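Just so you know, ligand 1 is whichever comes first in the structure, and atom 1 is the first atom listed for that ligand. This one's a predicted model, so the numbers in the text were calculated from it and none came from an experiment.
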Amino acid sequence: MRILLIGDIVGKPGERIVTRALPGLRKRESLDLVIANAENAADGSGLAPSIYRKLIAAGVDCVTLGDHIYRRSEIAGVLASADNIVKPANFPATAPGKPWCVVKAGDGTPVAVVSLLGRVFMRPVDCPWAAADRVLAEIPTEVKVRVVDFHAEATSDKQLMGRYLDGRVTAVLGTHTHVTTADEQLFPGGTAFQCDVGMTGPHASILGRRIDRVLETTLSFQPTQFEVAVGDVRLCGTIVEADAATGLATAIRRLVLTESDAEDLAPAAAPTTTPLM
Ligand SMILES: [Fe+2]
Ligand SMILES: [Fe+2]
């Protein structure tokens, strides 16, 4: 079976390339399950319920988030009611959302999805390693395919989580830095790993935001509006192939789609001219 994790979706450009490309991409890549990190989907920070619904309608099966999870407070209702969206499992129990979920893939395989947050250069949270142990013990044993989105800043932490969970989960894939790393690999125990699957949004930017605004604030120390950029929109993610019977990964591959790739995958537009009678 094949699982795609789409990296941090940033703003309207990110949402648009996902909704344009995904139905065709699912077919082209024979995807059984699509997970998307949508922590930056609402104007670059947080996720609004309306965007969540659009992503699901476009073919996203499960949504993960990150440090910006509660930036749009209205998402709390979705986090409480929907069974295909998770909060970081190392957030306190009182924080809205579920620490893990199980979604059914297209081939019928149940897949557990877990999100964990790193602690280096990030707001302090509970120990991600202890949280991983706790959550993996809670997931029913018959759910063999398990995907971890490790939303963290430090590549060293990400490698450590990958090695810690090697053989116990299908994949440990990183998000949060918005920069794709070229280290995708299969670990000896059968876990697919990559430090960061990258950003889905405008790459003519600083991590998805307008270059001029970030530069102005950096040089002048005066706050500006870090608006979402517009140029060079790409969909970045990683596809993991897994054996549904064992839950172990058999292949991992990076995926990048440009806007023109997305248009090639998009359904043909309906004719706009009225045929002559
Ligand atoms: Fe992000
Ligand atoms: Fe983040």
* Asked: Which is the closest N/O/S atom of Asp8 when seen from the Fe ion (ligand 1)?
  -> OD2

* Compute the angle centred on the Fe ion (ligand 2) spanning ND1 of His176 and OD1 of Asp67, and express it rounded to 10 degrees. => 100°

* To do: For the residue pair Glu29 and Ile239, establish whether any side-chain heavy-atom pair is separated by less than 4.5 Å.
  => yes

* Of all the N, O or S atoms in His151, which one sits nearest to the Fe ion (ligand 2)? -> NE2

* Asked: Can you tell me if Asn40 has an N, O or S atom under 2.8 Å away from the Fe ion (ligand 1)?
  -> yes

* When you check the gap from the basic side-chain N to the acidic O, do Asp43 and Arg71 get nearer than 4.0 Å? -> no

* Quick one: do Arg16 and Glu263 make a salt bridge, cutoff under 4.0 Å? -> yes

* Is any side-chain N of the basic residue among Asp157 and Arg119 closer than 4.0 Å to the acidic one's carboxylate O? -> no

* Structure fact -> For the Fe ion (ligand 1), the nearest N/O/S atom on Glu39 is atom OE2

* Asked: Any N/O/S atom, backbone or side chain, of His68 lying under 2.8 Å from the Fe ion (ligand 2)?
  -> no

* Exercise: do His151 and Asp67 side chains pair donor with acceptor under 3.5 Å -> yes

